[in-house]
Amino acid sequence: MKKIVSYLALSALLLFLLVWGVVAGTDWYVLSRWDAKDSSVIVIEDLLGKRADPASGEGGEWESEFVKLRILYRSGPRTGSREDVEIMQLADSRLTLLPGKEYLLLADMFEDGTVQFSVSDRYRVPAVVGFITFACGILVIIAGRSGFKALVGLFLSLLFLIGWFVPRIASGHPPVPFAILAVAAVSVATCFFVVRKRELRPIPVFGAVGGAAGASLTGWVMVSLWQLTGLESDSAALLASTSPDLSLRGLLLAAVMVGSIGAVLDVAVSVTSSMGELYEYDPSIPRRRLWKAGISVGRDVLGSMINTLILAYLGSSLPFVVLIATEGADFIGLLNDPHIAQEVLRSVAGTVGLLLTIPVTAAAGVWWISGRRRNSSVPDDGLAD
């Protein structure tokens, strides 16, 4: 018990020092490279008063006001200097200005030489990085080596998706084939660090790629039958105006595949682990029994994974669903709405991908383990960790 308490106390102290160092280092790095001429990072030292904007209508929807602030510059050529400025904001602005907090100050220069100041947002980059570091540290403290390996796999997956997949799609490459490659790469990175038995690592990769391909095929059929354009969201419409050659339907299908990677891999790894444990226990287990075990475990995991997938899609679109509900739309109109249809497509295609992952992973496991059993010189040796 004393060892556990000592371990937790030492880990908490090291984590605190790590988070503090990361926050301070991130803050220094961002501010030292801040080169925006029309914006600055500031600290609000005091609120000096408010006055109404005479140019805005009283009681109007977009009524504005002026707020006088005493600020301290933290970035740019005026770093360290103080100044009293008057900013313009909406009277019902949701961004509360608090003394002692850091914000982003914008300076708009007009043709007559006047400058209009406004506060656009909180400066939160160091805090965001700090909380991410804290969450990663907690994972490593609790899960140990397994948690660290999971973080490495996640980092490599994000690096591949953001550093390779997204730029290829932005440059005009077909989204669906590259999404399949992305699923395969993320699966390889994840399984290499997560699956403990080395010789079983290819199995969940086969299952994940097969499930993602099934999700893509299902989504393609639904897009064709429902005549979805991929323009159902504001961001997609903006992307279409800036990149007219990009296939938005393909991008929608690629989003379905990438969004379901996590759930698909969970199912594939669970099925693979169960089959590996059975083979470890009984190397002479019949292939039919191995297949049945993989399918049975997959069915048990499927219920919670479908729940996770569908609720994740619902949560991401919850503000829009609430907006439609406040307008009094009926159930039939709700189902016919293209935005809702797109979310239904994501959920259904992802669910089909999960369903297909189970038999594909089980079949790959039977084939892989049986091949290993035939090629093994010692029929009852274990699987290497």
Q: Is the closest side-chain heavy-atom distance between Val256 and Leu345 below 4.5 Å?
A: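 Yes, their side chains come closer than 4.5 Å.
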
Q: Rounded to the nearest 0.5 Å, how far apart are CG of Leu72 and CD of Glu83?
A: 11.0 Å

Q: Please tell me if the side chains of Phe160 and Leu156 come closer than 4.5 Å, counting only heavy atoms from C-beta onward.
A: no

Q: Phe148 and Val152: side chain to side chain contact (heavy atoms under 4.5 Å, CB included), yes or no, with the steps?
A: CA-CA 6 Å; Phe148 177 76; Val152 174; 3.8 Å; yes

Q: For Val269 and Cys191, work out which heavy atoms get closest and say how close.
A: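 What the structure gives for the nearest pair is CG2-SG, 4.4 Å.
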
Q: Is any NZ, NE, NH1 or NH2 atom of the basic residue among Lys197 and Glu280 found under 4.0 Å from an Asp or Glu carboxylate oxygen of the other?
A: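 Result for this pair is no, no salt bridge flagged.
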
Q: At their closest point, which heavy atom of Val183 faces which heavy atom of Ala208, and how far apart are they?
A: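 For Val183 versus Ala208, the nearest heavy atoms are CG1-O, 3.9 Å.
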
Q: Where the side chain of Ser370 meets the backbone of Trp367, is there a donor-acceptor pair that is under 3.5 Å apart?
A: no

Q: What's the spacing between Ser273 OG and Leu200 CG if we round to 0.5 Å?
A: 7.5 Å

Q: Counting C-beta onward and ignoring hydrogens, is there a side-chain heavy-atom pair between Met257 and Ile180 closer than 4.5 Å?
A: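 Side-chain contact under 4.5 Å: yes.
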
Q: Decide yes or no on side chain to side chain contact (heavy atoms under 4.5 Å, CB included) for Leu97 and Gln89, but give the supporting numbers first.
A: CA-CA 11 Å; Leu97 302 179; Gln89 67 174 12; 3.9 Å; yes

Q: Any chance you could measure Arg82, atom CZ, to Asp84, atom CG, to the nearest 0.5 Å?
A: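 The CG atom of Asp84 is 11.0 Å from CZ of Arg82, to the nearest 0.5 Å.
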
Q: Hey, what do you get for CZ (Arg122) to CG (Leu95), rounding to the nearest 0.5 Å?
A: 8.5 Å

Q: Would you say Leu181 and Trp164 make side-chain contact, with heavy atoms under 4.5 Å?
A: yes

Q: Glu86 pairs by side-chain hydrogen bond (donor to acceptor under 3.5 Å, both in side chains) with which of Arg51, Gln116, Lys50?
A: Arg51

Q: Linking I/L/V/M/F/W/Y whenever any side-chain heavy atoms sit under 4.5 Å apart, do Phe117 and Ile71 land together?
A: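 Per the 4.5 Å side-chain linkage, Phe117 and Ile71 are co-clustered.
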
Q: Rounded to the nearest 0.5 Å, how far apart are NE2 of His173 and CZ of Phe178?
A: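 The distance works out to 4.5 Å.
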
Q: Counting only heavy atoms not in Phe192 (residues, nucleotides, ligands), do more than 12 fall under 6.0 Å from its CZ?
A: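 No, the 6.0 Å shell around CZ holds no more than 12 heavy atoms from other groups.
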
Q: Can you tell if the side chain of Asp282 reaches within under 4.5 Å of the side chain of Leu278, non-hydrogen atoms only?
A: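 Answer no - side chains too far apart.
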
Q: Count the heavy atoms of every other residue, nucleotide or ligand shown that sit under 6.0 Å from CH2 of Trp34, and state whether that count exceeds 12.
A: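 It does: Trp34 CH2 has more than 12 such atoms within range.
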
Q: Looking only at heavy atoms, what is the nearest atom pair of Val195 and Arg201, with distance?
A: O-NE, 3.1 Å

Q: State yes or no: do Leu106 and Val43 share one hydrophobic cluster built from I, L, V, M, F, W and Y residues joined by side-chain heavy-atom distances below 4.5 Å, directly or via other members?
A: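 Leu106 does not cluster with Val43.
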
Q: Counting C-beta onward and ignoring hydrogens, is there a side-chain heavy-atom pair between Phe155 and Leu151 closer than 4.5 Å?
A: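 Counting from C-beta outward, Phe155 and Leu151 never come under 4.5 Å.
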
Q: Looking at Ala182 and Leu161, what are the two nearest heavy atoms and their distance?
A: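 Taking Ala182 first and Leu161 second, the nearest heavy atoms are CB-CD2, 3.8 Å.
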
Q: Which atom pair, heavy atoms only, marks the closest approach of Met275 to Gly294?
A: CG-CA, 3.9 Å

Q: According to side-chain contact (heavy atoms from CB on, under 4.5 Å), who are the partners of Arg299, at least two apart in sequence or on a separate chain?
A: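 Testing Arg299 for side-chain contact (heavy atoms from CB on, under 4.5 Å), a comparison that skips the adjacent residues, returns Ile295.
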
Q: Quick one: do Leu159 and Phe193 end up in the same hydrophobic cluster if we chain Ile, Leu, Val, Met, Phe, Trp and Tyr together by side-chain heavy atoms under 4.5 Å apart?
A: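 Yes: a chain of side-chain contacts under 4.5 Å links Leu159 to Phe193.
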
Q: Hey, what do you get for OG (Ser81) to CD1 (Ile42), rounding to the nearest 0.5 Å?
A: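 Answer for the OG-CD1 pair, Ser81 versus Ile42, is 11.0 Å.
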
Q: Is there a path of hydrophobic side-chain contacts, each under 4.5 Å between heavy atoms of I, L, V, M, F, W or Y residues, that connects Val41 with Ile87?
A: no

Q: Report yes if the side chains of Leu69 and Leu47 come closer than 4.5 Å at any heavy-atom pair, otherwise no.
A: yes

Q: So does Trp20 have more than 12 non-hydrogen atoms from other groups sitting under 6.0 Å from CH2?
A: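 Counting neighbours around CH2 of Trp20, 12 or fewer heavy atoms of other residues, nucleotides or ligands fall under 6.0 Å, so no.
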
Q: Please tabulate, for the side chains in residues 123-147, all donor-acceptor contacts under 3.5 angstrom to protein atoms that are two or more places apart in sequence or on a different chain.
A:
unit_1: Tyr123; atom_1: OH; unit_2: Asp27; atom_2: OD1; d: 3.0
unit_1: Arg124; atom_1: NH1; unit_2: Asp121; atom_2: OD1; d: 3.4
unit_1: Arg124; atom_1: NH1; unit_2: Asp121; atom_2: OD2; d: 3.1
unit_1: Arg124; atom_1: NH2; unit_2: Asp121; atom_2: OD1; d: 2.9
unit_1: Thr133; atom_1: OG1; unit_2: Val129; atom_2: O; d: 2.8

Q: Can you check whether Arg249's main-chain N or O pairs, donor with acceptor, with Trp220's side chain at less than 3.5 Å?
A: no

Q: Which heavy-atom pair separates Val119 from Leu105 by the least distance, and what is that distance?
A: CG2-CD1, 4.2 Å

Q: Please table the atom pairs, donor to acceptor, closer than 3.5 Å between any side-chain atom in residues 346-362 and protein atoms at least two apart or in another chain.
A:
unit_1: Ser347; atom_1: OG; unit_2: Glu343; atom_2: O; d: 3.0
unit_1: Thr351; atom_1: OG1; unit_2: Ser347; atom_2: O; d: 2.7
unit_1: Thr357; atom_1: OG1; unit_2: Gly353; atom_2: O; d: 2.6
unit_1: Thr361; atom_1: OG1; unit_2: Thr357; atom_2: O; d: 2.6

Q: Does Tyr29 belong to the same Ile/Leu/Val/Met/Phe/Trp/Tyr cluster as Val22, with side-chain heavy atoms less than 4.5 Å apart forming each link?
A: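 In one cluster: no.
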
